[in-house]
4 protein chains.
Amino acid sequence: MQSRTPVTRASGRPRSAEAAAAILAATREALVELGWSKLTLGDVATRAGVAKTTLYRRWAGKNELVVDAVAELFDELVLPDRGTLAADIEGVVLQFATILARPEARSGLMAVVAEATRDEALRERIRESIVTRQKRLVLEGRARAQARGELPPETDPLEAARTVDLIFDVVAGAVVHRTLVSAEPADEDWARGFTRVLLLGLKGASQSD
Amino acid sequence: MQSRTPVTRASGRPRSAEAAAAILAATREALVELGWSKLTLGDVATRAGVAKTTLYRRWAGKNELVVDAVAELFDELVLPDRGTLAADIEGVVLQFATILARPEARSGLMAVVAEATRDEALRERIRESIVTRQKRLVLEGRARAQARGELPPETDPLEAARTVDLIFDVVAGAVVHRTLVSAEPADEDWARGFTRVLLLGLKGASQSD
Amino acid sequence: MQSRTPVTRASGRPRSAEAAAAILAATREALVELGWSKLTLGDVATRAGVAKTTLYRRWAGKNELVVDAVAELFDELVLPDRGTLAADIEGVVLQFATILARPEARSGLMAVVAEATRDEALRERIRESIVTRQKRLVLEGRARAQARGELPPETDPLEAARTVDLIFDVVAGAVVHRTLVSAEPADEDWARGFTRVLLLGLKGASQSD
Amino acid sequence: MQSRTPVTRASGRPRSAEAAAAILAATREALVELGWSKLTLGDVATRAGVAKTTLYRRWAGKNELVVDAVAELFDELVLPDRGTLAADIEGVVLQFATILARPEARSGLMAVVAEATRDEALRERIRESIVTRQKRLVLEGRARAQARGELPPETDPLEAARTVDLIFDVVAGAVVHRTLVSAEPADEDWARGFTRVLLLGLKGASQSD
DNA sequence: CAGTAAGCGAGACGGTACGTCCAGTCTTGTT
DNA sequence: AACAAGACTGGACGTACCGTCTCGCTTACTG
């Protein structure tokens, strides 16, 4: 995720590659069973079959560890090709809702966002590992719709970027709010209704520009 | 917020009314300075000039206390009468963004939502104290728009309720996601763009029903 | 040992008297089983059925705790009345050797002395709790010998004090060195030989003054 | 101190001779600065410019290392020829007190003795490296006094050995107790008083045998 | 208006987790 | 094979809070 090929040939025993994977898996497992607030790093280390020091050597604390553990979950998201833009969006919305239905994602994501309200570095880490990385879905979706002729090619690149951000916040925000704050399921019906409003809104906005 | 009218006339010394207010104020103060995770109930008690036992006699723990402390913040929200539905919505969106810019709200709200992912009772408490209570804004807004003739009177009450929920999740979710996850400001420009998409979407959806 | 009657009526829950006793007993028990270096305060707390915090609330660390635990052991020493000064001294020497044969005394005393080489406060605590307290034996022995007419009443008080110190260092030092450094038993034969040399030396020195 | 002459000609790279010396010197340096309990083998290795593995290849642990480091200090002791037995003894006593005034000796010696109370192998190592080695001073002193005619040649070899042990324990024990437990200086005055008592006692004891 | 039941401040209590430090071992590549 | 470097497991450290408890004191309703 960060260093590809170490330029300076490190001396001493190299860090175990297995350890990092085991720790992240153990973190997700513990999030499922215990949730954020009862997750302890000592317990994660034990589950991973690793000493606490090994864990602290690689992550500064609970926040950083959980961001990394949760970020991997969202990499599962793919843009399905269902033939129409509306169907594609509905598909992503449902996938997203499915991930947010998993306890490790629910608990981990919100807690980390809460912590980030007071920690600029953590905020940046979230933006980098999660937000920016997943905006790819919006970009792909638009490109595919343009290829199909459903959307015209964008003319103003700045405006286009602003629209991508807006779509991302609206989609992700609505799903998160529905499932976590309102605590109602984001099922197919809901996804269909939401997608319709979103697409009509976007279409109307682009025409009346 | 908890007991309205005590049915069983309590004997013994009654609970100090000042204490509750001082504790909630101290909680918000501590949230500002320390954030959720570093806020300790011992510290809150000290700030409020109260013993820890007094605090525990009224709230079961950190979560419950913070829900109450944060819920009060959202009672500030009012629906401004700016003449058009679009302007009214923009006004509420900006007010909401302003509250979410305050550290006690950012940190407290998200943390409590995170905890609620694993605590049904807390989830219910949030729904009751925050979500349901603030849906009044959507209802008022619709009523006012209908009075102005901007919207037709609803025909299907079930569909109408579903739309209220959708609007609430989209508005609240988008603002929260924009400010807390994407960590970008929800300023006037953004509010205008967002409102336009939302209204066009809703209008289109209601016509093509 | 320290506060007789609390003048200022303490507020809050009073400290448990049983806890202190249980902790000191547990400390001696752990010293027997584990020795100084493997004794951990967490283990002592567990044995005493007490939380670690309770232990730390009363003692600053391992050193202070062990000084107190060991000091009590030496309070068992009494000056037997065996009829002659020589016999009395032999008796004390053997009692002292018996105590030093107990593992909690051996291990605890020397370790604490070792730590005290770099800690003036600890040195003072040892002097107060052990050295000064046990010099009473030398004083009593002299008084009894004077009453029997075995020793003349002292004339120069400064010289007398210096002699008490010398006797104490020679007796305690020889027994400790014999048992702990040379690692040979301080049995009756040895005690008899040692006492004879000591008494003859003291008698000779006082005559040739 | 450990391997005299390697019988089996070792293959591979031979052990660095400088390393051992550097480690022992670093150990004494660390004892001075940190004392026994805060001395860490990692720090010693760093000071000696050596890897931890090198250190562990030669010593089993902290105890063994410190015994060796401290034992060398006592090899400085020599029996001065001041003309009379009394003066010779006073000289050794003062030399011994001087060494014990050095922090590396105080702290290291007592700590190692404390550890030895629960470790027979370490006890044996101390007896071998320090006790037996330094008894030479008592033997030399007696021989010299006999040559001068101050003492008669011994007749009973068993009794003579017992006396050597007694003298050693009394001298070493008194000095150690005086300086480390009572925490008073063993200066010239004290040495003179102590020596007088010791010699008179020994003389009296040998006459009345 | 005396009695009494509950509330109150203070702070000790049994626990649990923290994040750090060190012991002693192991795994690299280098000498 | 010894070496420097440094990651590894394991375990104790001393601290910080949690939520409970036990004090002595205060307050307002009740009989």
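Residue numbers start from 1 in every chain, and the chains themselves are labelled A, B, ... in the order their sequence lines are given, proteins ahead of strands. The shown structure was predicted, so the numbers you read here are calculated from the model rather than taken from an experiment.
- Residue pairs meeting the salt bridge (Lys or Arg N to Asp or Glu O under 4.0 Å) criterion with at least one member in residues 54-65 of chain C, sequence neighbours excluded, do not occur.
- Atoms CZ (Arg57(C)) and C1' (dT15(F)) sit 12 Å apart, rounded to a whole Å.
- Along DNA chain F, the nucleotide nearest Thr53(D) and the nucleotide nearest Thr53(B) are compared for position; the residue whose nucleotide lies closer to the 5' end is Thr53(D).
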Residue pair Asp119(C), Arg123(C): steps toward the salt bridge (Lys or Arg N to Asp or Glu O under 4.0 Å) verdict: CA-CA 6 Å; Asp119(C) 182 345; Arg123(C) 210 146 53 226; over 6 Å; no
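- Taking atom NZ of residue Lys62(D) and atom C1' of nucleotide dA12(F), one finds them 13 Å apart after rounding to whole Å.
- Side-chain N/O atoms of Lys52(B) and base N/O atoms of dG9(E) include no donor-acceptor pair closer than 3.5 Å.
- If you measure from atom CG of Leu55(D) to atom P of dA4(F), you get 10 Å, rounded to the nearest angstrom.
- Under the rule for a side chain to side chain donor-acceptor pair (under 3.5 Å), Glu128(A) has no partner lying at least two apart in sequence or in another chain.
- Residue Leu109(B) holds its CG atom at 7.5 Å from CE of Met110(A), rounded to the nearest 0.5 Å.
- Here Val67(A) pairs with Val112(A), Leu122(A), Arg125(A), Ile126(A), Ser129(A) under the side-chain contact (heavy atoms from CB on, under 4.5 Å) rule; sequence neighbours left out.
- The CD1 atom of Ile23(C) sits 4.5 Å away from the CG atom of Leu55(C) when rounded to the nearest 0.5 Å.
- In this structure, the side chains of Arg47(D) and Glu33(D) come closer than 4.5 Å at one or more pairs of heavy atoms.
- The backbone N or O of Ala20(A) lies less than 3.5 Å from no partner atom in the side chain of Arg15(A), so there is not a single donor-acceptor pair.
- Non-hydrogen atoms lying under 4.0 Å from DNA chain E are contributed by Thr40(A), Leu41(A), Gly42(A), all within residues 39-51 of chain A.
- Using a 4.0 Å heavy-atom criterion, one finds that Thr54(C) contacts the sugar-phosphate atoms exclusively.
- The phosphate of dC8(F) has OP1 or OP2 within less than 4.0 Å of a side-chain N or O from Arg58(A).
- Taking 4.5 Å as the limit, every side-chain heavy atom of Thr27(B) sits out of range of all side-chain heavy atoms of Trp59(B).
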Between the protein and nucleotides 2-5 of chain E, which nitrogen or oxygen pairs are less than 3.5 angstrom apart?
none

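- The NZ atom of Lys38(D) sits 13 Å away from the C1' atom of dC21(E) (whole-angstrom rounding).
- Side-chain proximity of Tyr56(B) to the nucleotides dC8(F), dG19(F), dA12(F) is greatest for dG19(F).
- Side-chain contact between Glu104(B) and Trp36(B) is absent, with no heavy-atom pair separated by less than 4.5 Å.
- Put simply, the side chain of Val50(C) does not reach to within 4.5 Å of the side chain of Val44(C), judged on heavy atoms.
- Proximity of residues 14-37 of chain C to DNA chain F (heavy atom under 4.0 angstrom from any strand atom) is not detected for any residue.
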